[in-house]
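My questions will all concern the structure given below.
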Amino acid sequence: MLKPEEVTQIIEKEIQKYKSKLELQSVGYVLQVGDGIARVYGLDEVMAGELVTFHDGTTGLVLNLEPNHVGIVILGDDQRIKEGDQVKRTGKIAQVPVGEALMGRIVNPLGAPLDGKGPIAAKKARPIEAIPPSVVQRQPVKEPLQTGIKSIDSMIPIGRGQRELIIGDRQTGKTAILIDTILNQKTTGVHCIYVAIGQKLSSVVALSKTLEKYGAMEYTTIINASSEDPAPLQYLAPYAGAAIGEEDMFSGKHALVVYDDLSKHAVAYRQLSLLLQRPPGREAYPGDVFYLHSRLLERAAKLRDDLGGGSLTALPVIETQLGDISAYIPTNVISITDGQIYLESDLFFSGVRPAINVGLSVSRVGGNAQTKAMKQVAGMLRLALAQYRELQAFSQLSTDLDKATKDQLARGERMVEILKQNDLQPMPLEQQVVILFAGTGGFTDDIPVDRLKDFETGLFEFIDKNYQEIFHEIAEKKIFSDDLKIKLKQAIIKFKQIFS
């Protein structure tokens, strides 16, 4: 039996515990919905770029602030949202989880896992849009970011904190360059972020399998907004990639973000803008399509040493139509980046792979981001190849050539052959320096072109076995001293005797 006093005590305790909760919530109502866009009335104090939630839990992102309503892009399925539904503010600007927990994961642009490996235990998040480091916070690019691709590291070097555009038609090996660069970061401690925008899911799966196979997935994060995802997610993807990379940069580490590709990103943004009824400009792109990419790529930087000296390197990709690099989006991005690597279909189909057109490719940071050893062997390589191309065109017209011209043509042909490289086989700096020294020094002039690949492989094995100190010294000191030159000459001459 309960006594009356006990009952009253319990009730008194409960009354003391009770606190009235009054909550003010800013809510709005859907006026119109369709094509992934909702127009909402009543969210008076909402911020641009803020996340809102619809009644069914779907997230939206506020993009247009207009006098009577706000334009919201729906990050997900808009089928269950209808006119009159309630919309609530979250008070949060769009953000993405960052940090170590993302290594080896595949996520969507909002940081939700797509790889079936369970939730991401990130302790920190960063806003997707951020103001890039100011002029004062930066320092010039001076450390190399080795790609492991001979023709890039020797002639179009990329430095940590640089933005280098990779541009070319479809199927010319743009993604292959990105994958090789990621594989080559295995021992460098660079966190790689691959942003796939509007790609087929099968391509993204194949890419992740390749990275796993070569042990590169453990330091890589893949952000996937595939072709089946709504345009808002494709629009957010590169900014999410930059935010994840910035976390490394601001904590004194190094990150590499590759955006594959920004043409599809511009198309997704055009779709959003037209649906939000923003005025169209050239080729129906909105007027701020230039700002779309400039604010993204300016986030790549090399910070001052007293701020940790971290860096964020960006490799954006642009797909051209029939090699037209003077189209709207390509020229925009070329003007924002610090150089471009131009891949040509004609070269690709004639067997020169990577199909880099050396004449149209340039690195505006250039020699500052090269190791001394590489500068010493590849200094004149660009010029030599340009002269070879000119002579090659000229020699087709004339039959009787003097010896000097014939020699120059022979060397040019061999240098083009030496610079060829299979994909998924990035080459360490010391091996690149050795084979380029052999080529530019004229040691390969008498070797038949079709045997150069065997010569290269054999030479590396021979030096590794008998002259290991050559590789060791180049890798450690990154300088090509006179003593080392003499040693290397002797080694090449000895190997040539065995090889021939």
Side-chain angles (χ1 to χ4, degrees), residues 141 145 147-159 162-182 193-199 203 207 234 237-238 241-242 256-270 282-283 285 289-290 292-300 313-350 352-366 369 382 385-386 389 419 421 423:
V141 172
L145 182 117
T147 61
I149 299 165
K150 288 177 280 195
S151 45
I152 294 179
D153 290 344
S154 58
M155 295 180 287
I156 317 149
I158 299 172
Q162 190 176 342
R163 299 146 306 176
E164 183 81 8
L165 172 66
I166 294 168
I167 184 168
D169 283 10
R170 57 184 297 274
Q171 298 292 319
T172 47
K174 299 186 296 295
T175 305
I177 286 182
L178 301 180
I179 295 173
D180 280 2
T181 307
I182 291 174
I193 299 135
Y194 180 92
V195 184
I197 309 161
Q199 293 193 29
S203 314
L207 177 108
Q234 293 183 35
L256 165 72
V257 192
V258 298
Y259 307 110
D260 197 3
D261 66 89
L262 290 187
S263 323
K264 293 195 182 81
H265 181 232
V267 168
Y269 185 61
R270 171 168 68 182
R282 181 174 160 188
E283 288 179 30
Y285 286 105
V289 73
F290 182 83
L292 173 79
H293 289 150
S294 62
R295 75 172 190 263
L296 169 70
L297 293 168
E298 279 303 331
R299 288 163 77 173
T313 312
L315 296 181
V317 175
I318 289 281
E319 188 180 287
T320 52
Q321 308 293 326
L322 299 174
D324 180 17
I325 55 172
S326 60
Y328 188 31
I329 301 297
T331 45
N332 272 356
V333 182
I334 285 173
S335 66
I336 299 164
T337 49
D338 312 313
Q340 69 276 349
I341 293 168
Y342 177 51
L343 302 173
E344 214 172 13
S345 345
D346 295 350
L347 285 174
F348 186 83
F349 295 124
S350 66
V352 178
R353 297 175 193 187
I356 296 170
N357 177 324
V358 182
L360 291 176
S361 301
V362 60
S363 169
R364 300 195 187 99
V365 173
R382 247 192 116 93
L385 279 175
R389 293 252 179 266
L419 289 173
Q421 195 170 342
D423 60 341

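This is a predicted model, so every value here is computed, not measured. Position 1 is the first residue of the sequence; numbering continues from there.
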Let me see the working for Ser363 and Glu164 under side chain to side chain contact (heavy atoms under 4.5 Å, CB included), right down to the final yes or no. CA-CA 7 Å; Ser363 169; Glu164 183 81 8; 4.0 Å; yes
Where Ile325 and Thr331 come nearest, the two heavy atoms and their spacing: O-CG2, 3.5 Å
Please identify each residue that fulfils salt bridge (Lys or Arg N to Asp or Glu O under 4.0 Å) with Lys150, with sequence neighbours left out. Glu456
Looking only at heavy atoms, what is the nearest atom pair of Ala266 and Val289, with distance? CB-CG2, 4.3 Å
The ring pair (Phe, Tyr, Trp, His ring centres under 6.0 Å) partners of Phe348 (sequence neighbours excluded) come to none
For Ser263, which residues count as a side-chain hydrogen bond (donor to acceptor under 3.5 Å, both in side chains) partner, sequence neighbours excluded? Asp261
Test side-chain contact (heavy atoms from CB on, under 4.5 Å) applied to Phe349 - qualifying residues, sequence neighbours left out: Ser345
Short side-chain to backbone donor-acceptor contact, Asp180 and Asp423, under 3.5 Å: no
Any idea which heavy atoms bring Gly359 and Arg382 closest together, and the distance? O-NH2, 4.5 Å
Any salt bridge (charged side-chain N to carboxylate O under 4.0 Å, His left out) pairs touching residues 334-345, not counting sequence neighbours? Arg163-Asp338
Would you check, one step at a time, whether the test side chain to side chain contact (heavy atoms under 4.5 Å, CB included) holds for Ile329 with Leu262? CA-CA 9 Å; Ile329 301 297; Leu262 290 187; 5.8 Å; no
dist Leu343:CG -> Ile167:CD1 (nearest 0.5 Å) comes out at 9.5 Å
Could you measure the distance from the CG atom of Leu297 to the CG atom of Leu292? Nearest 0.5 Å is fine. 9.5 Å
Indicate the atoms forming the closest heavy-atom contact of Gln162 with Ala300, along with that distance. O-CB, 4.5 Å
Could you state the interatomic distance from CG (Leu145) to OG1 (Thr313), rounded to the nearest 0.5 Å? 5.0 Å
Excluding sequence neighbours, so at least two apart, what forms side-chain hydrogen bond (donor to acceptor under 3.5 Å, both in side chains) with Tyr285? none
Say you draw a straight line from NE2 of His293 to OH of Tyr259; how long is it, rounded to the nearest 0.5 Å? 10.0 Å
Non-neighbouring partners of Arg389 that pass side-chain contact (heavy atoms from CB on, under 4.5 Å), sequence neighbours left out: Leu347, Gln392, Val416
Residue list, salt bridge (Lys or Arg N to Asp or Glu O under 4.0 Å) with Asp260, at least two apart or on another chain: none
From Ile356 atom CD1 to Ser361 atom OG, the distance as rounded to the nearest 0.5 Å: 6.0 Å
Just jot down the salt bridge (Lys or Arg N to Asp or Glu O under 4.0 Å) partners of Arg353, sequence neighbours excluded, or say none. none
By side-chain contact (heavy atoms from CB on, under 4.5 Å) - contacts of Ala327 (at least two apart): Asp324, Pro330
Contacts of Gln234 meeting side-chain contact (heavy atoms from CB on, under 4.5 Å) (sequence neighbours excluded), chain-then-number -> Ile197, Ala225, Ala268
Are Met155 and Leu385 side-chain neighbours, meaning at least one heavy-atom pair lies under 4.5 Å? yes
Would one find more than 12 heavy atoms of other residues, nucleotides or ligands at under 6.0 Å from atom CZ of Arg364? yes
With rounding to the nearest 0.5 angstrom, report the CD1 to CD1 distance, Ile341 to Ile149. 7.5 Å
All heavy atoms of Pro157 vs all of Asp153, minimum pair found to be CB-O, 4.1 Å
Which atom names give the shortest non-hydrogen contact between Gly159 and Ala369, and what distance separates them? CA-CB, 3.5 Å
Name all residues meeting the side-chain hydrogen bond (donor to acceptor under 3.5 Å, both in side chains) criterion together with Thr337; count only those two or more places apart in sequence or in a different chain, and write none if there are none. none
Is any side-chain heavy atom of Ile334 closer than 4.5 Å to one of Leu165? yes
Flag the pair Asp169 / Glu319 as yes when at least one side-chain heavy-atom distance between them is below 4.5 Å, and no otherwise. no
Candidate list Val333, Asn332, Ile166, test side-chain contact (heavy atoms from CB on, under 4.5 Å), partner Ile318, passing option: Val333
Quick one: are Ser154 and Leu419 in side-chain contact, heavy atoms under 4.5 Å? yes
